[in-house]
Amino acid sequence: MNITHFLARAASVFPDNPAVSQGESVWADYARLMRRVAAMAAAFREQLGLVPGDCVALAMTNCPQYLEVRYAAWYAGLAAVPMNAKLHAREFAYMLTDSGARVCFVTPDLTETVAPLIDELADLERVIEVGSAEYQTLQSAEPSLEMYPSAPDDVAWLFYTSGTTGQPKGVMISHRNLMCATQSYFTDVDQISTHDCIVHAAPMSHGSGIYDMPHALKAANQVIPESGHFDPAEVFSLCSRWAGVTMFLAPTTVQRLVSHAREHAPDLTGLKTVVYGGGPMYVVDIREALRVLGPRFVQIYGQGEAPMTITALSRECINDTRHPRYLERLASVGVAQSSVEVIVADDNDQPLAANQIGEILVRGDVVAQGYWRNAQATAQTWRNGWLHTGDVGSFDDDGFLTLRDRSKDLIISGGSNIYPREVEEVLLHHPAVAEVSVVGRTHAEWGEEVVAFVVMQPANQVSENELDAFCVQRIARFKRPRQYRFVDSLPKNNYGKVLKTQLRRLLREQATP
Ligand code: AMP
C-alpha cells in the first residue's frame with residue numbers, strides 16, 4: 001500500500017480539517033492538500049517525465065510545500081530524498097550523485113547553494129525552487145494520475161545517515177517501514193485526535209518528518225513555524241495559538257526550550273507532548289524539563305535504519321516517580337516498541353542475559369532493507385537477519401534498555417571500557433556544568449585517555465581540580481577525565497546531535513605538532 005493512502009483517507013473523511021498551517025494561519029485543509037499533491041504527482045510523471053522508482057531530492061528548510069512535494073513523490077511512485085538543509089554544497093552534491101536524483105526541490109534560501117550543481121552532476125536534470133514559475137506550473141497540472149500502487153518494499157524515503165564514520169549512506173526506507181513506524185506511534189508513543197497538531201520545529205528531513213505520518217493518518221494539523229526552524233519563543237507562541245501540540249525534539253533542543261520557559265514562564269496550555277530522542281537525554285536534564293514543562297514527555301530511541309522505532313519510554317514511566325527504580329528507568333530508553341524484536345547480543349549475535357552489555361540488534365517490519373547501492377555496507381550492518389545498530393547497551397530484568405554509547409564512542413583506557421555517557425551523567429550533576437561531552441584521546445601508554453569538554457552555566461566558575469574531586473567521589477578513578485577543556489559551546493549538527501568526531505579531531509590536531 002502506498003503511504004499516501006493516509007492522506008487520501010484523511011481528505012475523504014475530514015476534508016475541511018486544517019492539514020498544513022504556516023505559523024498561526026491555515027495554509028491548506030486536507031481536501032486542498034490532497035488536490036495539490038495529486039496535481040503535482042501528475043506533473044512529476046507527465047511534465048518532468050519521471051518514472052516509478054526515480055528519486056526526487058528535497059534540499060528544503062521546513063515549509064508547507066515540504067509535505068506537498070514529498071507526498072506527491074510518493075503518490076507518483078517515486079522515492080523522496082529529504083536532505084538536511086544545513087549541509088554544505090559538497091555534501092548535497094554527494095547525496096544527489098549517490099541517489100541519482102533527477103530533480104531537486106529547493107527553498108529559496110538554498111537555491112544559490114544547490115542550483116550550480118546541475119552543471120556538474122550527470123543525473124540531475126532540474127533544480128526547482130519552491131514558489132517559482134516552474135513550481136506553479138507543476139502545481140496547476142490536471143490531477144489526472146491514479147495513486148501508484150506501491151509494493152510494500154518499494155523505497156519511499158532515502159534517508160542519508162550523518163556520515164560521521166565515512167561517507168553518508170542512503171537508508172532505503174520502504175512504504176512498509178513507514179506504515180509500521182506510524183502504527184507503532186499509536187501503540188507505543190502517544191494518541192492523536194483530529195483536533196491536535198504537530199509543530200515541526202525540528203528538521204522535517206529527520207524525525208519530525210516521520211511523525212508527519214501518524215498526524216496525517218488522524219487528519220491532524222501540521223504546523224510549520226514561520227521561521228522554518230526551532231525558536232523557543234515562536235514555539236511557545238504557537239502553543240497558545242494551537243491546541244494539542246506535539247513536537248519531536250532532540251534532547252539538546254529540549255534544553256533550550258526548558259531554559260526559555262524557566263525565564264519567561266510561557267502559557268503551556270496548548271502543549272500536549274514533547275517526544276525526545278535522537279541522542280542521550282541526561283537524567284538531570286529530563287528531571288528539570290519535567291519540573292518546568294510538566295508531565296508532557298515521551299522518549300523514543302530509533303535510527304534511520306529503524307525509523308523512530310526501536311524502544312520507547314512512555315509518559316506513564318517518565319511520570320511514575322514512586323517506582324522503586326524510577327531513576328534507572330529515566331536514564332533508560334524504555335522498552336522495545338511493539339513492532340520490533342530487540343536484543344542485546346554478544347559478538348556472535350547471540351542474546352545476552354539481562355544486565356550484560358552488548359550491541360543492540362533489531363529486526364521487524366520497521367527495519368529498512370539496507371543501504372542504497374551499497375551492498376558492502378549493507379552486508380556489514382544487516383547480518384544473520386538482524387540490524388546491527390552500532391549502539392551498545394543492556395536490558396534490565398524488566399526489559400528496560402539502557403544505552404551506553406555508540407560502539408565507536410567507547411573509550412578503552414588501560415584495557416578497561418569507559419562509557420562516556422556515564423561520565424557525562426556524573427559531571428552534569430555539578431551545578432556549574434551546563435553541557436558536557438566526553439571523548440577519548442590517544443595515549444601512548446593507556447591506549448586512550450578521557451577528556452571532557454565542558455560548557456559552564458553562565459556566570460559560574462569551576463576549576464579542573466574541583467571537577468576532578470567531584471568525579472572521584474562518584475565514579476571509579478580510572479573513568480575520570482584526565483583533562484577538562486572549557487568551551488563556549490559544543491559542536492552540534494542540524495539535528496541537535498553533539499559531533500564527537502569533531503571533538504576527537506580537534507584533540508588529534510592539537511596533539512600533532
Ligand atoms: P539517526 O540515524 O541520525 O537518527 O541517529 C541514530 C542514533 O542516535 C542511534 O543509533 C543512537 O546512537 C542515537 N539515539 C537515538 N535515539 C536515542 C536516545 N533516545 N538516546 C540516546 N541515543 C539515541
Side-chain angles (χ1 to χ4, degrees), residues 82-84 86-87 91 95 157-166 168-173 177 181 184 188-189 202-211 248-255 274-283 285-286 289 297-314 317-318 329-337 340 342 344 359-362 366-368 371 377 381 386-394 400-410 419-422 424-425 428 437-438 492-501:
M83 300 184 289
N84 177 349
K86 287 278 161 59
L87 294 180
E91 295 169 304
M95 291 173 192
W157 182 321
L158 260 194
F159 175 101
Y160 274 88
T161 59
S162 46
T164 46
T165 48
K169 299 181 282 285
V171 181
M172 298 188 286
I173 300 176
N177 301 150
S184 298
D188 303 298
V189 181
M204 291 166 78
S205 52
H206 198 248
S208 206
I210 302 274
Y211 279 174
F248 169 70
L249 298 176
T252 49
T253 317
V254 173
Q255 264 190 289
V274 176
V275 183
Y276 63 91
M281 174 64 103
Y282 302 101
V283 173
D285 292 335
I286 182 62
F297 291 89
V298 181
Q299 182 182 195
I300 63 96
Y301 156 52
Q303 57 176 206
E305 293 81 345
M308 307 297 270
T309 315
I310 300 178
T311 65
L313 184 65
S314 68
C317 285
I318 291 180
R329 288 189 167 185
L330 212 52
S332 79
V333 291
V335 301
Q337 292 201 34
V340 282
V342 183
V344 166
E359 186 175 2
I360 296 159
L361 313 189
V362 184
V366 84
V367 175
Y371 299 118
T381 304
W386 292 97
L387 165 72
H388 290 62
T389 62
D391 291 316
V392 175
S394 59
F400 284 72
L401 180 68
T402 299
L403 286 193
R404 305 289 152 173
D405 276 287
R406 306 264 323 144
S407 46
K408 66 178 171 10
D409 292 332
L410 177 74
Y419 295 100
R421 171 139 184 199
E422 187 187 353
E424 290 160 358
E425 292 270 12
L428 279 167
S437 186
V438 165
K492 294 182 190 128
N493 72 8
N494 194 23
Y495 302 144
K497 288 181 201 274
V498 175
L499 296 167
K500 291 202 174 201
T501 340

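Because the structure is a prediction, the values reported are computed rather than measured. One-based numbering, in listed order, for ligands and for the atoms of each.
At a heavy-atom distance under 4.0 Å, atoms from both the backbone and the side chain of Gln303 approach ligand 1. The side chain of Lys497, and not its backbone, has at least one atom closer than 4.0 Å to an atom of ligand 1 (non-hydrogen atoms only; side chain from C-beta on). Under 4.0 Å from ligand 1, the heavy atoms of Ile300 that appear belong solely to its backbone.
In this structure, atom 23 (C) of ligand 1 lies nearest to the protein heavy atom Gly279 N, 3.4 Å. Looking at atom 16 (N) of ligand 1, its nearest protein heavy atom turns out to be Gly278 N, 2.9 Å. The single protein non-hydrogen atom nearest to atom 2 (O) of ligand 1 is Gly304 N, 2.9 Å, given as residue, atom name and distance. The protein atom (non-hydrogen) at minimum distance from atom 4 (O) of ligand 1 is His206 NE2, 3.1 Å. Of all protein heavy atoms, the one closest to atom 9 (C) of ligand 1 is Asp391 OD2, 3.3 Å.
Here Leu158 contributes atom CG and Met172 contributes atom CE; the two are 8.0 Å apart, rounded to the nearest 0.5 Å.
In this structure the side chain of Asp285 reaches within 4.5 angstrom of the side chain of Leu428, judged on heavy atoms. Residues Pro420 and Lys500 form a side-chain contact, since some pair of their non-hydrogen atoms from C-beta on lies under 4.5 Å apart. Taking 4.5 Å as the limit, some side-chain heavy atom of Phe400 sits within range of a side-chain heavy atom of Leu313. The shortest side-chain heavy-atom distance between Thr309 and Val362 does not fall under the 4.5 Å cut-off. Looking at Glu305 and Thr389, their side chains never come closer than 4.5 Å, going by heavy atoms from C-beta outward.
For ligand 1, the atoms sitting less than 4.0 Å from at least one non-hydrogen atom of Gln299 are 18 (C), 19 (N), 20 (N), numbered in the order shown with element in parentheses. Shown in contact with Gly302 at under 4.0 Å from a heavy atom are these atoms of ligand 1, numbered in order with element: 6 (C), 9 (C), 15 (C), 16 (N). Each of the atoms 18 (C), 19 (N), 20 (N) of ligand 1 lies under 4.0 Å from some heavy atom of Val333.
Polar contact with ligand 1: present for Arg406 (N/O pair, distance under 3.5 Å).
Put simply, the residue from Asp391, Leu387, Val392 that forms a side-chain contact (heavy atoms from CB on, under 4.5 Å) with Ile360 is Asp391.
A perpendicular orientation is assigned to the rings of Tyr211 and Phe248, their planes being inclined by more than 60° (bins at 30° and 60°).
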